[in-house]
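Since this is a predicted model, take the numbers as computed values, not measurements. We use all heavy atoms of the structure for the numbers below, so side chains are in, but hydrogens, waters and symmetry mates are not.
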Amino acid sequence: MTTTSEPARPRTSAPATEHRTRFFDHRIPSVPAGRYVISNRQTLKDVDGADRTVDATPQPFDVIQPRFSFDPTGINAQFPVPDAVGTYSQTLAHINLDAPGLPWNRLLGPGQPGAVPWMALLLFREGELPEDEDAVGLVKAGTVRDLLNGAHGPGTPPALPPESLRPDEYDEQCATIFVRQEVFDAVKPLPAEMGYLAHLREGGRPDATRAGDDPAPGEDELNAVLVTNRFPAATGGRHVAHLVSLEGHDQYLTAPAPTEGLRLVSLTSWSFTTEPDSGIGFGDLAQHLATTDGTTARPADDLRLRVPVQAPASPTAPQAEGLNRMRSGAVALAQRLESGERTLAFYRGPLTAQPAQRLPAPAAGPEGRLDSAGETLVYLQQYGVFDTAYAAAFTTGRTLALADAEFRTALLEFRSAARAAARRLASHPDLASRAATALTARQLTEPLAYEAFDRLLTDDDSSRGGSARLTQALGQSGPQVRAGRRRTRVRARRSVGDARAVLGRPGVADLLTQAAGAEFEKVTGWLNALRRLEMLGLSHLVPDGRALPAESIRFAYLDPGWVRAAVDGALSVGVGHALDADLNALAAGGGPVPKCAVFVNSSLVPNWPNTIVTAYTGTDVVEPVRDVVYGTETRLLLYPTVIDRFELAEPPRGLCFGIGDVGTIELREITGDRIGHPMGEFPQPAGFARFLRPGEQDVLNIDGTGDPLLAALSQAHGVSRISSAQFALQMINAPQAQTFSRP
């Protein structure tokens, strides 16, 4: 099956129902949290020009919002989830808060704009927090008074103006962490970056796809989202995320932290474990299946299920014959003839690299039935070798049937019931004449004498009263028996040939299968499983491992002739005479044979067991008739029709932020009616390391010196500066997908 491939990309296939998600920059309150005083002054003007000023009593009031702690039930979601274990080295942790205005409800510090949140999500690794070496989320608990007095432990506490604190706040409980100077300076976000690490998210109603479809969302439809600026370590290990307050520490965001470190208020925290990242993820593996070097698509011939061969420049006729058969998927195997001689023969299973030729009907009968393996042995007289594919198929089907006692029994009992029903039809012409109309399977299986007696009991002649025929029969039988009258007509015995002749009459085939009942269903079910290749091992399907090497995907056609030979082989068990062979035709119809197959032999199979596979014919999705895994790394999918396109997609994991396996993100439209539509991968060439701060701490350089990510994204979109909501849209870590197309 010829295919071309496209490089790995984030999956963009539209789901059946779209759920719109909108992003907003921020939610700045009219009055930030804090302590305020309302002053009122009146000026009274006298007629002679002397003014009098009257000052009213000042009216203090407080705008109260969480400051040192907040209700943990207000956390909507965290990613990675608490105590999760997985590969997260390309993911930026984030937290969703139910209160949409919480990150902006107070000012970070004097002179800071309202769009800069006062909190940030910081990520720490094992060994980085002195009071939590194992990164499990340990904190120091105490009152706000103890924090400001330095009683929580080492580290400079936040410098909060005393007049900004309400008296009752001093006795509030809070949790804190100690961060060393070098660690804080390595991971701290710049104030300008903090605005890009926080945004609002609205999950809209289904099928609301345009921003203008709905008015501005209500408070209960929004969540505040804060994203960390640091990737977990590729070497793995435990990590802890702290949502910290940076109020009172804003001066250290643009200048070095004090040498004694900082004491930060931790509003909430959670930990997770990331597994070592080999650098090979879903996107890398999927891309390797489709490309030779990450960008060059594999030739279509490399994606066929066959052993690769090197053809000579000018092959001879025998070489050309051998090459053609190997290109179709056959392999050369050693063969011993019945005479004892050793030679070579061609063999292949039911899967072919090219569409198989339609086989002529065998000479055994017009139904195309095969009666022996010898009928299917193809002899290439010109070259003196055999093609054993169909003979092996017949033998395989027969061997599988002989090995399955339940199927064997069902097959014999089906034939026995159908044979008895056919002979009854042949022996009773009156039944045969009704075969296409009122005859039922019961009349072919139950004793006819019982049926005749039932008719005597139920026949009703209204002119003479009920059961008139029974009364007449009983009244006449006595004198006839005493007179010695006996029936002299003898029914002629019917031959097998008569029974075979009955099979061709309309409606008889359905009656015979009904007469066989459950046994017939067992036989046809087993044969349909054989048509789906369910009984065949991997060695039958891929006789040479070189046709399916490690980390490969291969496409193939199914040969209906091979499957037919296997079915005929299974039905050849226990055939005693011609009538049995004819009855086999009743079971040989069965379900359809799949048309094509896809083999995926890759570590994708065990490591991403929930990988989404989607096949298409045109724009229609085609569901597989079989999906099975051989061993641990080989997955086979069979389809009822030849597919045009095949897609491997990474399992969905919810909305998260980060980069893809190949070191890129997917640019998305930020204006018009196609907001969020993919625009291609960024950056090109791939490599996100250029947007990390120096120091190998895996911290994003969003808006710092050097090569900041924000400037590069803005340039890619042709704008002076994208907004925080647009930045979040670009950083969505969409599942990767790989598409293979048939020209």
**OP:** Show your reasoning for whether salt bridge (Lys or Arg N to Asp or Glu O under 4.0 Å) applies to K188 and E193.
**Re:** CA-CA 10 Å; K188 66 185 180 184; E193 295 178 334; over 6 Å; no
**OP:** Mind running side-chain hydrogen bond (donor to acceptor under 3.5 Å, both in side chains) on E551 and S603 for me, showing each step along the way?
**Re:** CA-CA 7 Å; E551 298 303 327; S603 54; 3.1 Å; yes
**OP:** Check the pair L253 / M194 against side chain to side chain contact (heavy atoms under 4.5 Å, CB included), numbers first and verdict last.
**Re:** CA-CA 10 Å; L253 297 177; M194 291 174 65; 3.7 Å; yes
**OP:** Might you work through the side-chain hydrogen bond (donor to acceptor under 3.5 Å, both in side chains) test for N76 and D98, ending with a clear yes or no?
**Re:** CA-CA 6 Å; N76 180 272; D98 284 334; 3.3 Å; yes
**OP:** Tell me, with the steps shown, if Q78 and N96 meet side chain to side chain contact (heavy atoms under 4.5 Å, CB included).
**Re:** CA-CA 6 Å; Q78 296 149 299; N96 288 29; over 6 Å; no
Original post:
Yes or no on side chain to side chain contact (heavy atoms under 4.5 Å, CB included) for M731 and V227, after CA distance, side-chain angles and deciding distance?
Top reply: CA-CA 10 Å; M731 295 303 296; V227 185; over 6 Å; no
**OP:** Report the C-alpha separation of V81 and W270 in whole Å, then their side-chain angles, then the decisive distance to 0.1 Å, and conclude whether the side chain to side chain contact (heavy atoms under 4.5 Å, CB included) test is met.
**Re:** CA-CA 8 Å; V81 297; W270 78 97; over 6 Å; no
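A heavy-atom distance below 4.5 Å is found between the side chains of L165 and Y170. By the 4.5 Å heavy-atom criterion applied to side chains, V244 and V265 are not counted as neighbours. Counting heavy atoms from C-beta on, the side chains of P191 and Q112 come closer than 4.5 Å. Contact of the L197 side chain with the I702 side chain is registered, since non-hydrogen atoms from C-beta on lie closer than 4.5 Å. Taking 4.5 Å as the limit, some side-chain heavy atom of R166 sits within range of a side-chain heavy atom of I64. You'll find the side chain of R263 reaches within 4.5 Å of the side chain of K140, heavy atoms only. Taking the side chain as every heavy atom from C-beta outward, F184 and L264 approach each other to under 4.5 Å. Residues N701 and L709 have side chains not in contact (no heavy-atom distance under 4.5 Å, counting atoms from C-beta outward).
A distance of 6.5 Å separates OG1 in T614 from CD1 in I612, rounded to the nearest 0.5 Å. In this structure, CG on L129 lies 10.0 Å from OG on S269, to the nearest 0.5 angstrom. The distance from the CZ atom of F231 to the NE2 atom of H239 is 12.0 Å, given to the nearest 0.5 Å. Taking OG1 of T53 as the reference point, atom CZ of R41 lies at 6.0 Å (rounded to 0.5 Å). The distance from the CG atom of L285 to the OG atom of S602 is 5.0 Å, given to the nearest 0.5 Å. Of the inter-residue distances, the one linking T228 atom OG1 with L121 atom CG reads 5.0 Å to the nearest 0.5 angstrom.
Atom CD of Q715 sits in a sparse spot, with 12 or fewer heavy atoms from other residues, nucleotides or ligands closer than 6.0 Å. E696 CD: 12 or fewer foreign heavy atoms inside a 6.0 Å radius.
Judged by distance alone, the side chain of R230 and the main-chain N or O of L123 form a donor-acceptor pair under 3.5 Å. Not a single donor-acceptor pair under 3.5 Å links the side chain of W118 to the backbone N or O of G248. At least one donor-acceptor pair closer than 3.5 Å links the side chain of N149 to the backbone N or O of R145. The main-chain N or O of V240 is never found under 3.5 Å from a side-chain atom of H242 such that the two would form a donor-acceptor pair. Side chain of R668 to main chain of L729: a donor-acceptor pair is present (N/O by atom type, distance under 3.5 Å, no hydrogens or angles). Judged purely by atom type and a 3.5 angstrom limit, E169 has no side-chain atom pairing as donor or acceptor with the backbone of V144. Checked by atom type and distance alone, the side chain of E666 pairs as donor or acceptor with a backbone atom of G680 at under 3.5 Å. For the pair Y196 (side chain) and I722 (backbone), a donor-acceptor distance under 3.5 Å is present. When atom types are taken as modelled, the side chain of Q59 and the backbone of I38 share no donor-acceptor pair closer than 3.5 angstrom. Not a single donor-acceptor pair under 3.5 Å links the side chain of T664 to the backbone N or O of A686.
Using a 30° and 60° split on the angle between ring planes, H94 and F657 fall in the perpendicular class, above 60°. Using bins of under 30°, 30° to 60° and over 60° for the plane-to-plane angle, the ring pair W608/F282 lands in the perpendicular bin. Classification of the H249-Y252 ring pair by plane angle, with boundaries at 30° and 60°, yields tilted. In this structure, F272 and Y88 have perpendicular ring planes: the angle between them is above 60°, well past the 30° mark.
When each of W104, F23, F727, F24 is paired with H199, the ring pair (Phe, Tyr, Trp, His ring centres under 6.0 Å) condition holds for F23 and for no other. The salt bridge (charged side-chain N to carboxylate O under 4.0 Å, His left out) with R125 is formed by just one residue from the set D134, D132, D698; it is D698. Just one residue in the list L710, I665, D707 forms a side-chain contact (heavy atoms from CB on, under 4.5 Å) with F691, and that residue is D707.
Taking both residues in full, the closest heavy atoms of P103 and L226 are given as CG-CD1, 3.8 Å, listed atom of the first, atom of the second, then distance. Minimum interatomic distance between L667 and A716 (heavy atoms only, all atoms of both residues): CD1-CB, 3.9 Å. For the residue pair S724 and G195, the shortest heavy atom distance occurs at CB-O, 3.1 Å. Residues L160 and L148 share a closest heavy-atom pair of CD1-CD2, 4.2 Å. Across all non-hydrogen atoms, the minimal contact from T156 to E260 is OG1-OE2, 3.0 Å. Nearest heavy-atom pair, R238 versus D83, reported as atom, atom and distance to 0.1 Å: NH2-OD1, 3.0 Å.
Between the side chains of D171 and T143, no donor-acceptor pair of N or O atoms lies under 3.5 Å. Counted by atom type alone, R67 and S164 present one or more donor-acceptor pairs between their side chains at under 3.5 Å. Judged purely by distance below 3.5 Å, without hydrogens or angles, the side chains of Q730 and H717 pair a donor atom with an acceptor atom.
Taking a cutoff of 4.0 Å between a charged side-chain nitrogen and a carboxylate oxygen, R721 and D703 qualify as a salt bridge. Of the charged side-chain nitrogens involved, none lies within less than 4.0 Å of a carboxylate oxygen, so that E221 and R22 do not count as a salt-bridged pair.
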